[in-house]
Amino acid sequence: IGGLQPEIDVSKEDRYILIPAKEFLDGLRSSTINKEAVSPDDYQSIKKLYSYYLKKPGQIKSYRIGSVNRPDKQTVTVNIRLFGSKGSAEGQLYLKIKDGKWLITDVQLNLNQLSVKQKKEKFVPNSYSWIMEE
């Protein structure tokens with residue numbers, strides 16, 4: 001998902017973008033779609049698309065928010081990663097500004113990945129290998 005979005009020292013504009021993103025993700029963790037964070041025009045389609053996954057409470061343990069990308073002045077995307085007990089899922093939230101407020105208009109996320117057990121890879125710090133040679 002790229003660099004993580006900082007919690008401190010966030011611009012005012014980014015803060016207004018991150019509020020609905022966090023509200024939406026907190027809602028997913030609670031097995032709901034937060035109606036306040038989603039555009040009214042897109043709420044029913046997003047709810048319908050993810051309602052199957054919301055029937056399994058506790059599937060999402062935590063999340064991370066990555067960078068805010070700005071394709072244009074009216075649209076942003078936010079990279080996200082959700083973590084479950086077995087696996088994780090990467091995706092994007094799409095937000096548009098409507099009446100001065102940023103709202104989610106689309107979610108690109110494969111929640112099936114949360115139930116796929118991921119292999120733990122051994123950490124090999126290539127950039128610090130010179131320390132181990134001494």
Side-chain angles (χ1 to χ4, degrees):
I1 64 174
L4 297 180
Q5 190 65 35
E7 290 289 326
I8 302 173
D9 195 29
V10 176
S11 72
K12 190 175 184 179
E13 184 178 358
D14 281 359
R15 192 171 293 120
Y16 289 124
I17 294 167
L18 294 173
I19 288 171
K22 287 181 178 184
E23 289 173 348
F24 179 80
L25 294 171
D26 286 338
L28 284 183
R29 281 181 45 196
S30 302
S31 299
T32 62
I33 301 291
N34 186 321
K35 199 170 190 173
E36 300 298 317
V38 178
S39 168
D41 298 337
D42 302 295
Y43 176 76
Q44 286 302 324
S45 61
I46 290 172
K47 183 177 178 183
K48 185 177 181 179
L49 185 62
Y50 291 100
S51 64
Y52 170 79
Y53 302 102
L54 300 178
K55 293 177 185 176
K56 301 176 184 179
Q59 194 175 13
I60 300 168
K61 303 294 182 194
S62 63
Y63 62 83
R64 290 188 182 153
I65 297 177
S67 58
V68 174
N69 308 301
R70 293 174 173 81
D72 59 57
K73 293 184 183 218
Q74 301 297 315
T75 307
V76 297
T77 62
V78 178
N79 296 334
I80 58 171
R81 179 180 290 241
L82 305 179
F83 296 93
S85 57
K86 290 184 180 180
S88 67
E90 288 183 22
Q92 282 188 323
L93 301 177
Y94 291 79
L95 296 92
K96 287 193 177 201
I97 195 159
K98 189 170 189 173
D99 299 326
K101 184 176 180 182
W102 288 98
L103 296 171
I104 294 170
T105 59
D106 192 14
V107 179
Q108 296 295 314
L109 184 62
N110 182 356
L111 291 178
N112 283 330
Q113 293 299 312
L114 293 173
S115 59
V116 176
K117 187 162 177 97
Q118 295 178 336
K119 295 178 184 176
K120 294 198 178 202
E121 295 180 16
K122 184 178 177 183
F123 175 68
V124 179
N126 290 336
S127 60
Y128 298 104
S129 60
W130 60 272
I131 293 174
M132 296 189 298
E133 292 175 1
E134 293 180 356

Any side-chain heavy-atom pair of [X] and [Y] under 4.5 Å:
{"X": "F24", "Y": "L93", "answer": "yes"}
{"X": "N79", "Y": "I65", "answer": "no"}
{"X": "K47", "Y": "L54", "answer": "no"}
{"X": "P40", "Y": "L103", "answer": "yes"}
{"X": "L25", "Y": "K22", "answer": "no"}
{"X": "D14", "Y": "V76", "answer": "no"}
{"X": "R70", "Y": "I17", "answer": "yes"}

Taking every non-hydrogen atom, the tightest pair across [X] and [Y]:
{"X": "Q113", "Y": "A89", "result": "CB-CB, 3.9 Å"}
{"X": "S88", "Y": "R81", "result": "OG-NH1, 3.2 Å"}
{"X": "L95", "Y": "W102", "result": "O-CZ3, 3.7 Å"}
{"X": "Y53", "Y": "Q59", "result": "O-OE1, 3.4 Å"}
{"X": "A37", "Y": "P20", "result": "CB-O, 3.4 Å"}
{"X": "S115", "Y": "K86", "result": "O-CD, 3.5 Å"}

Just how far is it from atom [atom1] of [X] to atom [atom2] of [Y], taken to the nearest 0.5 Å?
{"X": "T105", "Y": "K96", "atom1": "OG1", "atom2": "NZ", "value": "6.0 Å"}
{"X": "S30", "Y": "I60", "atom1": "OG", "atom2": "CD1", "value": "9.5 Å"}
{"X": "L82", "Y": "R29", "atom1": "CG", "atom2": "CZ", "value": "10.0 Å"}
{"X": "I46", "Y": "D41", "atom1": "CD1", "atom2": "CG", "value": "10.5 Å"}
{"X": "L28", "Y": "N34", "atom1": "CG", "atom2": "CG", "value": "9.5 Å"}

Donor-acceptor contact below 3.5 Å, side chain [X] vs main chain [Y]:
{"X": "T75", "Y": "D72", "value": "no"}
{"X": "T77", "Y": "Q92", "value": "no"}
{"X": "Y50", "Y": "L109", "value": "yes"}

Task: Identified side chain to side chain contact (heavy atoms under 4.5 Å, CB included) counterpart of Y94 within the set N69, I104, D42, D106 - done: D106
Open item on the list: Can you confirm if the NZ or CZ of K61 lies within 45° of the ring axis of F83 and under 6.0 Å from the centre of its six-membered ring?
Closed with: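 No, a cation-pi geometry is absent between K61 and F83.
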- [ ] Please indicate whether Y16 has more than 12 foreign heavy atoms, meaning atoms of other residues, nucleotides or ligands, lying under 6.0 Å from its OH.
- [x]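 No - once you tally the heavy atoms of other residues, nucleotides and ligands closer than 6.0 Å, there are 12 at most.
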- [ ] Not counting sequence neighbours, which residues clear side-chain hydrogen bond (donor to acceptor under 3.5 Å, both in side chains) with N110? List them please.
- [x] none
